[in-house]
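Chain naming here is simple, since letters A, B, ... match the order of the sequence lines and numbering starts at 1 in each.
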Amino acid sequence: MAQEDLFKKIIAHSKEYGFVFQSSEIYDGLSAVYDYGQYGTELKNNIKKYWWDSMVKLHENIVGIDSAIFMHPTVWKASGHVGAFSDPLIDNKDSKKRYRADVLIEDYMAKIEAKIQKEVDKAAKKFGDSFDEEQFKSTNIRVLANREKLSEIKKRFVTALEKDDLAEVKKQIEDLGIACPISGSKNWTDVRQFDLMFETQLGSVSEDASNIYLRPETAQGIFVNYLNVQKTGRMKIPFGIAQIGKAFRNEIVARQFIFRMREFEQMEMQFFVRPGEEMKWFEAWKETRMKWHKALGFDEKKFRFHDHDKLAHYANAATDIEFEFPFGFKELEGIHSRTDYDLSQHQEYSGKKIQYFDPELNKNYVPYVVETSVGLDRTFLMILSNSYTEEKIEQENGKVDERVVLKIPASLAPVKLAVLPLVRKDGLPEKAKEILNTVKYDFNCIYEEKDSIGKRYRRQDAIGTPFCITIDHETIESNTVTIRDRDTMQQERIAVEKIHEILTNKTSFKDVFSKIN
RNA sequence: GCGGGAGUAGCUCAGCUGAUAGAGCAUCAGCCUUCCAAGCUGAGGGCCGCGGGUUUGAAUCCCGUCUCCCGCUCCA
């Protein structure tokens, strides 16, 4: 099957079986916002549990918090999000390429600088050892003219940006005669500002209110609580703080289903380490996190690392764990060595000392941070992509049958067990409900008596239920049921009192965790 | 935002040389009772994405608009 078709089918299946709906669908939907349905929510909760337990339960030195989405506005100044998170963009109408307006102007300025340098080089060659570069630059007519030009361009551009005058920015690009490097044309659209942070007001009177933001990442909630957690939890470095929560980004183009949404959920852990040891921990967490993904039992070839060449301003090492989605290898998780950038920034902006006293070294320092940050929605899509299977089944009578089955790992499956009476009479429904009552408190179950047994099995396959038990006439006589495995379709007759134990063994995270530890 | 494609029942789609809105599957009720979908009877369900225009008459033609998919672009 073509990958594009596969992706379409996954999206359609998600909707048809109650996993993911478009937000506000009856009002034509809201772009790049999605709701999780009845089974999607169960799956999502199970993914969260898998992640949370793997962090907090399996590591004595990791604790979890849940910080608010609203934060003091200065947090985003300290983190560098205010300012850096909004770009003036412009499109060339002929080449259809989009550029950052500031980059276009900077490139133009770089060309002028290159011209100046050329003059300097020429003169240096001419005058030899006696050449005084500073003197030349401040006296040569051509250089002076160009330097004057540079400062004018810069002044005009900075003024325009400060005033938020985007029309002026466009006019400057036109006045400078900047052409698109691809098409060579000067046919530009208007400059538009894209603010990646959502803004709102705190307080009822908007004039007096301070502008606050919906957090564009959850990490800052951990950093600002570093001291609280370290002190109240008596945490000793190295230690980690984990969090699952929503973040919001006003993406210019948000697409590919739940891969890139404006409102999304992150599962992240900030690990605080001694300065100088961050690379060791960075490597360790790379391995641990990759194991976490692979422990689910999917094709290992679909996962890979992608190391960053260009690093963000706060990082000294960064890698992505990528997964081969139907639309290609894309980032699933980021692992970053964030140095002491964030804590130092908060120390500076808040004026509070954010340090750790290390008794072994007998000194204070700002800890370094290694971050693991995985997209919950992307993990959800990864699991769906891996699980969605179309099978052809050769029947005994030679007929070829098809089924769609979600091979979701049993520990993550939204529904663990379907309880099905073979027929709707002879006391089988009553017996089935009796059995249901013994397991429904510990496992998410479905009871169904409508339609033929085969049809009911298929319905469970479509939502990924790993086990079905069928109550037949023999159940009444011997207190046994058949249990059907979703993936093999094999059935086995077992005693009713064994059901709970079997489900416990097969649906717990124990097996998966044993592959990580 | 630009280009291409698409929006008709819960799903997949037909109808698109203007004239009463269709099929299969699904859903619901009943029958049948059968361990791997598609047995029988009946029922519900649609302002043909939304708004405007042309026309005696628009799902169909025209304009606008919204949403989705693909590509470009962006991505902490």
Side-chain angles (χ1 to χ4, degrees), chain A residues 3-5 7-9 11-13 15-18 21-34 79-81 84-85 87 89-100 103 182 187-192 194 196-197 216-217 219-220 247 249-257 259-260 266 308 310-315 318 320 327 330-331 334 336 338 341-342 371 373 391 393 395-396 399 401-405 420-426 428 449-462 468-474 481-484 486 489-491 493:
Chain A
Q3 291 295 287
E4 192 182 308
D5 291 343
F7 190 43
K8 279 187 177 161
K9 283 186 175 174
I11 294 168
H13 193 88
K15 188 196 168 188
E16 193 170 354
Y17 289 94
F21 307 122
Q22 201 192 352
S23 164
S24 321
E25 197 187 348
I26 60 168
Y27 290 103
D28 268 347
L30 189 60
S31 181
V33 184
Y34 290 89
S79 70
H81 284 84
F85 233 53
D87 304 324
L89 298 177
I90 188 165
D91 290 9
N92 183 271
K93 288 180 185 168
D94 297 309
S95 65
K96 312 294 179 202
K97 293 282 174 187
R98 165 168 295 169
Y99 301 92
R100 276 172 56 176
V103 171
I182 307 275
N187 189 10
W188 298 103
T189 63
D190 286 343
V191 177
R192 293 173 309 274
F194 286 97
L196 259 61
M197 281 201 289
E217 65 174 24
Q220 300 305 325
R249 285 182 205 168
N250 196 6
E251 299 282 355
I252 303 160
V253 181
R255 236 180 245 171
Q256 281 154 333
F257 195 39
F259 182 80
R260 178 166 291 120
Q266 295 180 311
H308 289 208
K310 274 173 95 180
L311 295 171
H313 58 272
Y314 54 73
D320 291 340
F327 42 87
K330 296 279 179 184
E331 179 185 354
H336 301 136
R338 291 179 81 126
Y341 178 82
D342 299 279
E371 165 191 82
S373 175
E391 283 184 351
I393 304 155
Q395 279 183 323
E396 284 171 19
K399 259 171 67 180
D401 203 2
E402 267 189 37
R403 71 163 183 159
V404 174
V405 49
L420 316 168
L422 185 62
V423 294
R424 243 198 300 196
K425 60 173 192 183
D426 304 334
L428 299 190
E449 56 182 37
K450 178 110 171 84
D451 291 317
S452 77
I453 191 70
K455 210 171 199 171
R456 282 178 276 166
Y457 285 152
R458 294 305 161 83
R459 275 205 285 261
Q460 296 308 316
D461 289 341
C468 296
I469 59 169
T470 302
I471 287 78
D472 55 14
H473 294 92
E474 222 179 306
V481 294
T482 59
I483 183 163
R484 169 192 184 264
R486 175 194 67 201
M489 295 169 69
Q490 295 300 307
Q491 281 174 287
R493 186 160 283 277

Notebook entry, point to check: Roughly, in whole Å, what's the span from CD in A/Gln490 to C1' in B/C36?
Noted result: 11 Å

Item checked: Span that lies between the C1' atom of B/C48 and that of B/A23, in whole angstrom -> 16 Å

Item checked: Point-to-point distance, once rounded to the nearest 0.5 Å, from CD of A/Gln220 to NE2 of A/His81 -> 6.0 Å

Next item on the list: Mind checking A/Lys450 for me? I need base, sugar-phosphate or nothing, with any heavy atom below 4.0 Å counting as a touch.
Entry: sugar-phosphate

Next item on the list: Look at the side chain of A/Arg260 and the base of B/C75, then say whether one donor and one acceptor between them are separated by less than 3.5 Å.
Entry: yes

Margin query: I need the CZ-P distance between A/Arg424 and B/G30, as an integer number of Å.
Written below: 7 Å

Checklist line | Nearest-nucleotide comparison on RNA chain B, the residue closer to the 5′ end among A/Ile11 and A/Asp461 | finding: A/Asp461

Check: B/C35 P sits how many Å from A/Arg484 CZ, rounded?
Finding: 14 Å

Item checked: A/Asp426 side-chain N/O to A/Leu428 backbone N/O, donor-acceptor pair under 3.5 Å -> no

Next item on the list: For nucleotides B/G18 and B/G57, find the distance between their C1' atoms and express it as a whole number of Å.
Entry: 8 Å

Note to self: Can you tell me if A/Arg459 touches the phosphate of B/U27, counting only side-chain N or O atoms and a distance under 4.0 Å to OP1 or OP2?
What the structure shows: yes

Note to self: Any side-chain to backbone donor/acceptor pair from A/Arg456 onto A/Pro421? Under 3.5 Å, distance only.
What the structure shows: yes

Next item on the list: Could you measure between the two C1' atoms, the one in B/A6 and the one in B/G49, and give it in whole Å?
Entry: 11 Å

Checklist line | Residue A/Lys425, side-chain atoms from C-beta onward, closest of B/U33, B/C35, B/U27 | finding: B/U33

Notebook entry, point to check: Under 4.0 angstrom, heavy atoms only, what part of the nucleic acid is A/Gln22 near: base, sugar-phosphate, or nothing?
Noted result: sugar-phosphate

Next item on the list: Write down the partner of B/A26 under the Watson-Crick or G-U wobble criteria, each distance required to be under 3.5 Å.
Entry: none

Next item on the list: Find the distance between CZ (A/Arg486) and CD (A/Gln460) and round it off to the nearest 0.5 Å.
Entry: 11.0 Å

Item checked: Nucleotide B/C69, atom P - distance to CZ of A/Phe259 in whole Å -> 13 Å

Notebook entry, point to check: For the side chain of A/Arg458, counting heavy atoms from C-beta on, which of B/U34, B/C69, B/C36 is nearest?
Noted result: B/C36

Next item on the list: Using Watson-Crick or G-U wobble geometry with both distances below 3.5 Å, tell me the partner of B/G71, or none.
Entry: B/C2

Got a list of protein N/O to nucleotides 7-13 of chain B N/O distances below 3.5 Å?
unit_1 : atom_1 : unit_2  : atom_2 : d
B/C11  : OP1    : A/Lys15 : NZ     : 2.3
B/C11  : O2'    : A/Glu16 : OE1    : 3.4

Note to self: What contact category does A/Ile453 fall into here, base, sugar-phosphate, or nothing, at under 4.0 angstrom with non-hydrogen atoms?
What the structure shows: sugar-phosphate

Next item on the list: Look through every strand shown and name the nucleotide pairing with B/G45 as Watson-Crick or G-U wobble, where both distances are under 3.5 Å.
Entry: none

Check: Can you check the A/Leu422 CG to B/U34 P distance for me, whole Å?
Finding: 8 Å

Notebook entry, point to check: Contact class for A/Tyr34 vs. all strands (heavy atom < 4.0 Å): base, sugar-phosphate, or nothing?
Noted result: sugar-phosphate

Notebook entry, point to check: Between B/A19 and B/A58, how far is it from one P atom to the other, in whole Å?
Noted result: 11 Å

Next item on the list: Please give the nucleotide sitting opposite B/U17 as a Watson-Crick or G-U wobble pair, both distances under 3.5 Å, or none.
Entry: none

Notebook entry, point to check: Which value, rounded to the nearest 0.5 Å, describes the distance between A/Asp320 atom CG and A/His336 atom NE2?
Noted result: 5.5 Å

Note to self: When the P atoms of B/A59 and B/C47 are compared, how many Å lie between them, rounded to an integer?
What the structure shows: 13 Å

Next item on the list: Using the C1' atom as the reference point in each nucleotide, state the distance between B/A43 and B/A37 in Å, no decimals.
Entry: 23 Å

Notebook entry, point to check: Whole Å only: how far is the NZ atom of A/Lys330 from the P atom of B/A76?
Noted result: 13 Å

Notebook entry, point to check: Hey, what do you get for CD (A/Glu331) to CZ (A/Arg260), rounding to the nearest 0.5 Å?
Noted result: 9.0 Å

Item checked: Rounded P spacing from B/A14 to B/U8 in Å -> 10 Å

Next item on the list: Measure from CD on A/Gln460 to C1' on B/A37 and round the result to the nearest Å.
Entry: 13 Å

Check: What nucleotide, of B/C36, B/U33, B/C35, holds the atom closest to the side chain of A/Met489?
Finding: B/C36

Checklist line | Spacing between A/Arg403 atom CZ and B/C36 atom P, to the nearest angstrom | finding: 13 Å

Notebook entry, point to check: Base, sugar-phosphate, or nothing: which does A/Asp472 touch, judged by heavy atoms less than 4.0 Å apart?
Noted result: base

Next item on the list: Could you tell me whether a side-chain N or O of A/His473 sits under 3.5 Å from a main-chain N or O of A/Leu422, the two making a donor and an acceptor?
Entry: no

Next item on the list: Output the distance between atom SG (A/Cys468) and atom CZ (A/Arg459), rounded to the nearest 0.5 Å.
Entry: 11.0 Å

Note to self: To the closest 0.5 Å, what do you measure between NZ (A/Lys455) and CG (A/Leu420)?
What the structure shows: 14.0 Å

Checklist line | Nearest-nucleotide pick for A/Ser452, side chain only, options being B/A76, B/U33, B/A37 | finding: B/A37

Next item on the list: Provide the Watson-Crick or G-U wobble partner of B/U54, both distances under 3.5 Å; none if there is no partner.
Entry: none

Item checked: Under 3.5 Å donor-acceptor, A/Arg403 side chain and A/Glu391 backbone -> no

Margin query: Suppose you measure atom C1' in B/G15 against the same atom in B/G71; what distance do you get, rounded to whole Å?
Written below: 31 Å

